[in-house]
J.: 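The following block contains the structure, expressed as structure tokens.
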Amino acid sequence: MANSRFTAVFLLALAFFGGFFVYSSEKGTESALGNFPFKYGLDLNGGTHLVYQADTSKVASGEVNGAMNALRDTIENRINVFGVSEPLVQVEEANIGGQTVEKLIVELPGVTDTEKAIDIIGQTPILEFKLLRPAATSTVVASSTITATADELFEDTGLTGRFLSRADLEFDPNTGAPSVLLTFNNEGKDLFAVITKENIGRMLAIFLDGRPLSTPVIREEIPDGKAQITGTFTPDEAKKLVQSLNYGALPLPISLLGSQTIGASLGEGALSASVYAGVLSFIIISIFLILWYRLPGVVAVFALAIYTVLNLAIFKLVPVTLTSAGLAAFILSIGMAVDANILIFERMKEELRRGLPLNDAIKEGFHRAWLSIRDSNLSSIITAIILYYFATSALIKGFAFVFFIGVVTSMFTAITVSRTLLIALGVKGENKFIKFIFGNGIGNK
């Protein structure tokens with residue numbers, strides 16, 4: 001009994017601390033807890049929705065998916081550099097007029113200025129390596145004279161920023177002139193080695209956004225996957241180029257198709273409605289539990305409150321990006337969290353009818369209900385994992401993730417919190433009052 005009461009006090013203290021953490025960290029209270037605000041998705045926080053079209057005309061059909069995934073990763077890294085909270089970047093294939101169009105969808109929560117959003121995406125550099133065509137003469141081709149006829153003078157090699165691993169700034173130890181060292185990934189390293197091996201003596205021009213940066217001539221095979229860009233840029237220009245390339249040289253050109261701004265007022269409306277629905281559902285469930293199950297119902301309400309606080313604390317600590325679908329999953333999980341308590345209370349009632357003492361009936365009721373609780377919750381957990389793994393929409397993933405957290409937390413609160421609080425009450429005796437407060441329904445059952 002003493003151990004149960006100590007555990008009950010610990011759980012209540014944990015709930016109090018969790019509630020204080022949720023409140024104070026949201027308000028930005030100066031404390032050791034720091035500031036852990038909730039992270040909201042685009043539909044709740046407002047923001048900008050951008051749709052880009054990728055130009056895949058120069059990509060082999062079998063490599064389009066890989067190029068689009070690389071484009072998505074590059075844009076995501078570019079955005080993360082600017083500290084935008086929880087951006088969503090995804091690729092989408094659409095059929096327009098009988099033609100397949102590759103789209104890039106970018107959502108930026110909290111950014112309602114469309115121009116700012118487009119600036120965050122930026123015109124990230126398109127890095128290309130092109131070989132001088134045999135018909136052209138290197139004596140008339142130089143980086144300072146190449147104009148719009150570059151496509152006629154040069155041929156594509158397939159080596160682009162998609163294969164770039166990183167860029168570094170270097171200085172010539174003798175002249176102090178800046179240069180940019182490019183290091184390719186394994187795939188780019190092999191391709192660069194083949195290009196330099198088969199085209200010794202030919203010019204391999206390096207283009208950035210269609211502008212020639214350097215026009216070196218291949219002297220020998222370069223097997224280590226490293227290329228050097230030299231030019232007439234200043235140290236500041238070279239440093240900016242390195243930063244731009246590391247932020248992500250786009251593997252594919254993109255063009256903005258459309259944009260949409262979701263106002264903060266719409267997000268606040270959806271958030272307020274979700275909070276209202278959550279509070280209302282909690283109140284209705286609590287009234288039902290207390291009226292139908294009496295004292296065990298009161299205990300279940302305490303367990304449900306602890307469940308809610310623990311979930312909110314987890315949302316802040318992970319952190320979980322809350323969307324309207326995620327909040328719906330949380331509200332749904334509040335109702336599901338009651339299932340385990342109902343199973344336990346019904347088993348307790350059966351044990352009391354068998355004539356077991358109250359404390360024994362409580363322990364046996366929890367023991368008998370555990371198998372059903374375990375199996376039902378495991379099936380829900382498996383469903384959430386499958387839904388999260390196979391979902392292609394961020395909203396569905398958010399729903400599945402929040403639902404998973406809710407199910408796991410509800411198992412803990414039902415089996416640990418409810419049981420501990422009931423035993424800690426230390427109610428004994430078999431008088432009519434005890435039977436009434438541990439009965440259920442309308443009559444004295």
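Positions are given from 1, in the same order as the sequence printed here.
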J.: Are Val180 and Asp168 close enough that some pair of their side-chain heavy atoms sits under 4.5 Å apart?
T.: no
J.: Measuring from Met411:CE to Ser376:OG, what's the distance to the nearest 0.5 Å?
T.: 8.0 Å
J.: If you define the side chain from C-beta out and look only at heavy atoms, does anything of Lys316 sit under 4.5 Å from Leu312?
T.: no
J.: Give me the atom names and distance for the closest heavy-atom approach of Val51 to Leu256.
T.: O-CD1, 3.6 Å
J.: Under a 4.5 Å cut-off applied to non-hydrogen side-chain atoms, are Val408 and Ile381 in contact?
T.: yes
J.: Would Ile254 and Asp55 count as a side chain to side chain contact (heavy atoms under 4.5 Å, CB included) if you check the C-alpha gap in whole Å, the side-chain angles of each, and the deciding distance to 0.1 Å?
T.: CA-CA 6 Å; Ile254 58 175; Asp55 181 5; over 6 Å; no
J.: Begin with the C-alpha distance, continue with both residues' side-chain angles, and end with the deciding distance and a verdict on side chain to side chain contact (heavy atoms under 4.5 Å, CB included) for Leu204 and Val217.
T.: CA-CA 6 Å; Leu204 181 64; Val217 175; over 6 Å; no
J.: Rounded to the nearest 0.5 Å, what separates atom CG in Leu132 from atom CD in Glu155?
T.: 8.5 Å
J.: Using the side chain to side chain contact (heavy atoms under 4.5 Å, CB included) rule, take Leu131 and Ile218 through it: C-alpha gap first, then chi angles, then the decisive distance, then the call.
T.: CA-CA 10 Å; Leu131 283 167; Ile218 301 173; 4.1 Å; yes
J.: Compare every heavy atom of Ile200 with every heavy atom of Arg219, then report the nearest pair and how far apart it is.
T.: O-CG2, 3.5 Å
J.: For Ile314, which of Ile405, Val309, Val402 qualifies under side chain to side chain contact (heavy atoms under 4.5 Å, CB included)?
T.: Ile405
J.: Count the heavy atoms of every other residue, nucleotide or ligand shown that sit under 6.0 Å from CG of Asp375, and state whether that count exceeds 12.
T.: yes
J.: Rounded to the nearest 0.5 Å, what separation is found between the CG atom of Asn65 and the CD atom of Glu93?
T.: 7.0 Å
J.: Within the 4.5 Å heavy-atom criterion, are Ile105 and Val91 side-chain neighbours or not?
T.: no
J.: Which heavy atom in Gln228 sits nearest to a heavy atom in Ser179, and how many Å separate them?
T.: NE2-OG, 3.1 Å
J.: For residues Asn377 and Ser410, determine if any side-chain heavy atom of one lies less than 4.5 Å from a side-chain heavy atom of the other.
T.: yes
J.: Parallel, tilted or perpendicular: which one describes the rings of Phe288 and Tyr293, with boundaries at 30° and 60°?
T.: perpendicular
J.: Thr308 versus Leu310: any side-chain heavy-atom pair under 4.5 Å?
T.: no
J.: With Lys189 as the cation and Phe163 as the aromatic partner, state whether NZ or CZ is under 6.0 Å from the six-membered ring centre and within 45° of the axis.
T.: no
J.: Would you mind checking if Arg72 and Glu92 are paired as a salt bridge, meaning a charged N to carboxylate O distance below 4.0 Å?
T.: no
J.: Would a 4.5 Å heavy-atom cut-off, applied to side chains only, mark Lys197 and Val194 as touching?
T.: no
J.: Is the shortest side-chain heavy-atom distance between Thr157 and Leu191 below 4.5 Å?
T.: no
J.: Could you check whether any side-chain N or O of Asp156 sits under 3.5 Å from a backbone N or O of Gly158, counting only pairs where one atom can act as donor and the other as acceptor?
T.: no
J.: My understanding is that only residues two or more places apart in sequence, or in another chain, count here; which of them pass salt bridge (Lys or Arg N to Asp or Glu O under 4.0 Å) with Arg374?
T.: none
J.: Any chance you could lay out the ring pair (Phe, Tyr, Trp, His ring centres under 6.0 Å) test for Phe399 and Tyr388, step after step, and finish with the verdict?
T.: CA-CA 8 Å; Phe399 177 91; Tyr388 182 86; over 10 Å; no
J.: Taking atom CZ of Phe330 as the centre, report whether more than 12 heavy atoms of other residues, nucleotides or ligands fall under 6.0 Å from it.
T.: yes
J.: Working to the nearest 0.5 Å, report the span between CD of Glu128 and OG1 of Thr160.
T.: 7.5 Å
J.: For Thr175, is there any backbone N or O sitting under 3.5 Å from a side-chain donor or acceptor partner on Asp172?
T.: yes
J.: Going by atom types only, do Tyr52 and Glu102 share a side-chain donor-acceptor pair under 3.5 Å?
T.: no
J.: Val301 and Phe282: which non-hydrogen atoms are nearest, and at how many Å?
T.: O-CZ, 4.2 Å
J.: Using 0.5 Å steps for rounding, measure from the CG atom of Leu108 to the CG atom of Leu50.
T.: 6.0 Å
J.: Relative to each other, are the rings of Phe192 and Phe184 parallel, tilted or perpendicular (30° and 60° limits)?
T.: tilted
J.: Quick check: closest heavy atoms across Thr196 and Glu220, and the distance to 0.1 Å?
T.: CB-O, 3.8 Å
J.: How close do Arg347 and Gly365 get, heavy atom to heavy atom, and via which atoms?
T.: CB-O, 3.5 Å
J.: Give the intermediate values and the outcome of side chain to side chain contact (heavy atoms under 4.5 Å, CB included) for residues Phe129 and Ile195.
T.: CA-CA 10 Å; Phe129 289 75; Ile195 293 172; 5.8 Å; no
J.: Any chance you could measure Phe404, atom CZ, to Ile382, atom CD1, to the nearest 0.5 Å?
T.: 11.0 Å
